[in-house]
Number of protein chains: 2
Amino acid sequence: MEPIRRDALVKAAIAEIGEAGSLDVTVSQIARRAGMSSALAHHYFGSKEQMMVAAMRHILTLFGAEVRGALAMAKTPADRVEAIVRASFSSQNFRAETAAAWLNFYVEAQTSQPTRRLLGVYHRRLRSNLVFAFRPLVADPEQAAETVSALIDGVYLRQVLRSDAMTNAEAIGLILRAVDRLKDTRP
Amino acid sequence: MEPIRRDALVKAAIAEIGEAGSLDVTVSQIARRAGMSSALAHHYFGSKEQMMVAAMRHILTLFGAEVRGALAMAKTPADRVEAIVRASFSSQNFRAETAAAWLNFYVEAQTSQPTRRLLGVYHRRLRSNLVFAFRPLVADPEQAAETVSALIDGVYLRQVLRSDAMTNAEAIGLILRAVDRLKDTRP
DNA sequence: CGGGGTTTATTGACTCGTCAATCAAGAAGC
DNA sequence: GCTTCTTGATTGACGAGTCAATAAACCCCG
């Protein structure tokens, strides 16, 4: 029972956060969406914070799997960069719902140590993947990685707000063009 | 009295949000920091939301003034882009405190219509400044503007989280280098 | 089998705290 | 004496977390 319930709660939490656009969702709402009482949610998670951390870990796990999958197919360094960008904006990840949850985790990270840790792990992994991919392409792979990371986060952030949302294809196009410009043409 | 009180409250609100890293600051906390009772804060602002909107408008006003000032000094198109970037990361704006408030306004914008409107205004203004500056420099100024906007937001976002924070000089350097790469070298 | 006992699942009702917003009443100036 | 300031006290709502109690599943041994 436990794994089923926890799983249902995590998914309900993400859906609820996405819909509300805020971390201020009540445990009762989440529990109701997951088809149980709030008491049961507390029974399985102990606290709301732990539930939120689990939700975030879930998103990060999906994202990590997608990146790994895309990277496995990449042969050239340029392919690797493209794989990471494409995975970041896969239709799976690049939805108002997920972006909203993401944004709220950033906020949460300012006060919740576990959330901060988790986001740190994601950042380091993304960064190290990008640095590795960029190494044969540019003189300063650290800087290129930093730039692309910021660009990805920035496009996500704007997605949350804008009414005239970008499609994921547009987002990928925008970033890949920027990546193209980052590559050294003058050795 | 009214303008003095409102001003004190707005500044206290920004400071409090920055310190807490969250919009979940109580009216009482803000009022206390501004040296008055929470009842008085309500008297002058009517509601917490209106107070938050005023705080945001204040930040945006300062930011706008800084950009205008920097643009006034710029002669070449390249200068204009640089002016906007430098203003975005002026030590005035690029502080954990302000960045945290900024982030929280994005969250707020998801549920508060006035906040959303205000952020929209800022986005459009930034964008139009950038498009104008890029027009003589690149084939697709809209795209360049979009890229640089996202980059700015992305660097801010990461600033909020990271322990090994960037200095504003580093941030400016990162973005200006990217801008350099965006410029058309092949007509 | 088969029932007594133990563990697991589940909930409604409740506690406790917090906080935005209100109000009535007191000071202070004019 | 009227208006503008100002506050302490209060209200009302809401939400996280707890608890005691019920129901269901499982398990062991006679």
Side-chain angles (χ1 to χ4, degrees), chain A residues 1-57 100-101 104-105 107-115, chain B residues 1-57 100-101 104-105 107-115:
Chain A
M1 253 312 75
E2 174 156 347
I4 290 122
R5 291 303 196 186
R6 287 179 66 104
D7 199 62
L9 281 168
V10 160
K11 283 176 182 150
I14 294 170
E16 205 69 31
I17 292 169
E19 199 165 290
S22 155
L23 272 192
D24 290 345
V25 289
T26 70
V27 174
S28 302
Q29 282 167 8
I30 297 170
R32 193 172 331 121
R33 185 183 281 249
M36 71 194 84
S37 72
S38 76
L40 195 55
H42 276 102
H43 174 69
Y44 281 122
F45 271 107
S47 77
K48 186 181 178 179
E49 184 181 352
Q50 287 174 269
M51 211 164 92
M52 292 303 168
V53 170
M56 181 165 157
R57 180 170 284 126
N104 282 283
F105 290 141
V107 173
E108 180 81 351
Q110 295 191 279
T111 51
S112 153
Q113 209 49 48
T115 306
Chain B
M1 251 318 69
E2 175 156 347
I4 290 121
R5 291 302 195 186
R6 287 179 66 104
D7 199 61
L9 281 168
V10 159
K11 283 177 181 150
I14 294 170
E16 205 69 32
I17 291 170
E19 199 165 290
S22 154
L23 273 193
D24 290 345
V25 290
T26 70
V27 173
S28 301
Q29 282 167 9
I30 296 170
R32 193 173 331 122
R33 184 183 282 247
M36 70 195 84
S37 72
S38 75
L40 195 55
H42 275 102
H43 174 69
Y44 281 123
F45 271 107
S47 78
K48 186 182 179 180
E49 185 183 351
Q50 286 173 270
M51 209 164 92
M52 292 303 168
V53 170
M56 182 166 156
R57 179 170 287 127
N104 282 283
F105 290 140
V107 173
E108 181 80 350
Q110 295 191 280
T111 52
S112 153
Q113 209 48 48
T115 307

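Below, read A as the first sequence line, B as the second, and so on, with proteins coming before strands; counting in each chain starts at 1.
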Checklist entry - Taking atom C1' of D:dA16 as reference, at what distance in whole Å does atom CD of A:Q50 sit? => result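 In whole Å, D:dA16 C1' lies 13 Å from A:Q50 CD.
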Item to check | Between C1' of D:dG8 and CE of B:M36, the distance in whole Å | outcome: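 One finds 16 Å between C1' of D:dG8 and CE of B:M36, rounded.
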Checklist entry - With a 4.0 Å cut-off on heavy atoms, is B:Y44 in touch with a base, just the backbone sugar-phosphate, or nothing at all? => result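 The residue B:Y44 makes sugar-phosphate contact but no base contact.
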Checklist entry - NA contact type, B:S37, heavy-atom cut-off 4.0 Å: base, sugar-phosphate, or nothing? => result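 Since a base atom lies under 4.0 Å of B:S37, the category is base.
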Item to check | For B:E19, salt bridge (charged side-chain N to carboxylate O under 4.0 Å, His left out) partners two or more places apart | outcome: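 Result, salt bridge (charged side-chain N to carboxylate O under 4.0 Å, His left out) vs B:E19: B:R33.
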Item to check | Partner set under salt bridge (charged side-chain N to carboxylate O under 4.0 Å, His left out) for A:D7, not counting sequence neighbours | outcome: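 A:D7 satisfies salt bridge (charged side-chain N to carboxylate O under 4.0 Å, His left out) with A:K11 only.
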Checklist entry - Where do A:A31 and A:L9 come nearest, in terms of heavy atoms and distance? => result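 Reported closest heavy-atom pair: CA-CD2, 4.1 Å.
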Checklist entry - If you take all heavy atoms of A:A20 and A:V25, which pair is closest and at what distance? => result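 Taking A:A20 first and A:V25 second, the nearest heavy atoms are CB-CG1, 3.7 Å.
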Item to check | Start and end of the DNA chain C segment that chain B contacts, any atom under 4.0 Å from a heavy atom | outcome: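 For DNA chain C, the relevant span reads C:dC19 to C:dC23.
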Filtered N/O pairs between nucleotides 17-22 of chain D and protein, under 3.5 Å:
unit_1	atom_1	unit_2	atom_2	d
D:dG17	OP2	A:H42	NE2	3.2
D:dG17	OP2	A:K48	N	2.8

Could you tabulate the donor-acceptor pairs under 3.5 Å formed by side-chain atoms of residues 37-44 of chain A, not counting sequence neighbours?
unit_1	atom_1	unit_2	atom_2	d
A:S37	OG	A:L40	N	3.3
A:H42	ND1	A:S38	O	3.3

Checklist entry - Which of these, B:D24, B:T111, B:V107, sits in a side-chain contact (heavy atoms from CB on, under 4.5 Å) with A:D24? => result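 With A:D24 as partner, side-chain contact (heavy atoms from CB on, under 4.5 Å) holds for just one option, B:D24.
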Under the side-chain contact (heavy atoms from CB on, under 4.5 Å) rule, collect the residues that match up with [X], sequence neighbours excluded.
X      : result
A:A54  : A:V10, A:F45
B:T26  : B:S28, B:Q29
B:A100 : A:Q110

Item to check | Pairs where residues 35-51 of chain B contributes a residue and the test salt bridge (Lys or Arg N to Asp or Glu O under 4.0 Å) is met, not counting sequence neighbours | outcome: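 Matches after skipping sequence neighbours: none remain.
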Checklist entry - Contacts to DNA chain D from residues 3-25 of chain B, heavy-atom cutoff under 4.0 Å, which residues? => result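 The answer is B:R5.
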